[in-house]
Amino acid sequence: GFFNIQEANVVADAELYLLIVSMGIPFNFIAGAAGGVFVGSGNSKTPFYANGLSLWLNIVLDPILIFSLGMGMACAAMATVCAQVLACILLVVALRVNKNRPFQTFRLFALPSFKYIKQIFKWATPMAVESFLFTFFTMLTSRFVAAFGAGAIAAHKVGSQLASPSRPIGRGFSSALPA
């Protein structure tokens, strides 16, 4: 409704994709937090390898699932969730067994200190606001593009995908500086 897309099949595919991909949100969150712990401690190789393997899994699974099962968007979403689960598992295991892990004693289910939670929110809020604003403005721009139909949305998506590598590169360097 927000994008005001007129093609019913595009809306149905988008809803199905989002429904399936949303199941991977907890895994994506845990993988991002674990990867951030490694990067914050000066070890960016471990999350790089874990995320790289999960990316390759997604690249391999997409055509296999989409073309062999013939379900299109649903299979693309399933491949994405499988990749997110793999990244999560690899990074949580790395927190336990990697020789370059950030913590010598790692407890997955420990109660956090409220002093540390306050500090985390203090450090994370500016980045969270920036990410929110970036997403908000991207959605707003996409809404304008959607008025021209599904083809324009696809072209806009390709254009933003081509421009998107600069963002994680900048984030990588900004994370490395304080570490």
Asks: Could you report the tightest heavy-atom contact between Ile30 and Val92, atom names first, then the distance?
Replies: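 Closest approach of Ile30 to Val92: CG2-CG2, 3.7 Å.
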
Asks: Going from CG on Leu90 to CG on Leu95, what distance comes out if it is rounded to the nearest 0.5 angstrom?
Replies: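 CG of Leu95 is found 11.5 Å from CG of Leu90.
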
Asks: Find out if a path of hydrophobic residues (ILVMFWY) with successive side-chain heavy-atom gaps under 4.5 Å connects Val129 to Ile120.
Replies: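 Hydrophobic grouping puts Val129 apart from Ile120.
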
Asks: Say whether Val60 and Phe67 are linked into one hydrophobic cluster, either directly or through other cluster members, by side-chain heavy-atom distances under 4.5 angstrom.
Replies: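 As far as the 4.5 Å side-chain criterion goes, Phe67 and Val60 are not connected within one cluster.
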
Asks: What are the two closest non-hydrogen atoms of Leu86 and Ser54, and how far apart are they?
Replies: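 Reported closest heavy-atom pair: CD2-CA, 3.9 Å.
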
Asks: May I ask you to list the residues sharing a hydrophobic cluster with Tyr116, side-chain cutoff 4.5 Å, ordered by chain and number?
Replies: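 Listed partners: none, Tyr116 stands alone.
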
Asks: Nearest heavy-atom pair of Ala79 and Asp62: which atoms, and what distance?
Replies: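 Taking every non-hydrogen atom into account, CB-OD1, 3.3 Å.
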
Asks: Taking Phe137 as the starting point, is it possible to reach Val145 by hopping between hydrophobic residues whose side chains are less than 4.5 Å apart?
Replies: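 Result: no, two separate clusters.
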
Asks: Specify the closest pair of heavy atoms between Ala74 and Leu16, including all atoms of both residues, with the distance to one decimal.
Replies: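 Smallest heavy-atom distance, with atoms named: CB-CD2, 3.6 Å.
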
Asks: Tell me whether Asn51 contacts the main-chain N or O of Pro47 through its side chain, where contact means a donor paired with an acceptor under 3.5 Å.
Replies: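 At least one qualifying donor-acceptor pair exists.
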
Asks: Could you grab the distance from atom CG of Leu133 to atom OG1 of Thr138, nearest 0.5 Å is fine?
Replies: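 The distance works out to 10.5 Å.
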
Asks: Hey, what do you get for CG (Leu53) to CD1 (Ile89), rounding to the nearest 0.5 Å?
Replies: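 Interatomic distance, Leu53 CG to Ile89 CD1, rounded to 0.5 Å: 12.5 Å.
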
Asks: Less than 4.5 Å apart, any side-chain heavy atom of Tyr17 and any of Thr80?
Replies: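 When only atoms from C-beta onward are counted, Thr80 and Tyr17 do touch, with a gap below 4.5 Å.
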
Asks: Is it true that Val85 and Ile20 fall in one hydrophobic cluster, defined by side-chain heavy atoms closer than 4.5 Å?
Replies: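 Yes: a chain of side-chain contacts under 4.5 Å links Val85 to Ile20.
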
Asks: How many angstroms lie between CD in Gln84 and CE in Met23, if you round to the nearest 0.5 Å?
Replies: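 Between Gln84 CD and Met23 CE, I get 11.5 Å after rounding to 0.5 Å.
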
Asks: CD1 of Ile64 to SG of Cys75: how many Å apart, nearest 0.5 Å?
Replies: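 Taking CD1 in Ile64 and SG in Cys75, the distance rounds to 11.0 Å.
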
Asks: Is it the case that one hydrophobic cluster holds both Leu55 and Phe29, taking links as side-chain heavy atoms less than 4.5 Å apart, direct or via other members?
Replies: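 Different clusters: Leu55 never reaches Phe29 through Ile, Leu, Val, Met, Phe, Trp or Tyr contacts under 4.5 Å.
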
Asks: Distance from Tyr49 atom OH to Ser44 atom OG, nearest 0.5 Å?
Replies: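 Nearest 0.5 Å value for the OH-OG distance: 9.0 Å.
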
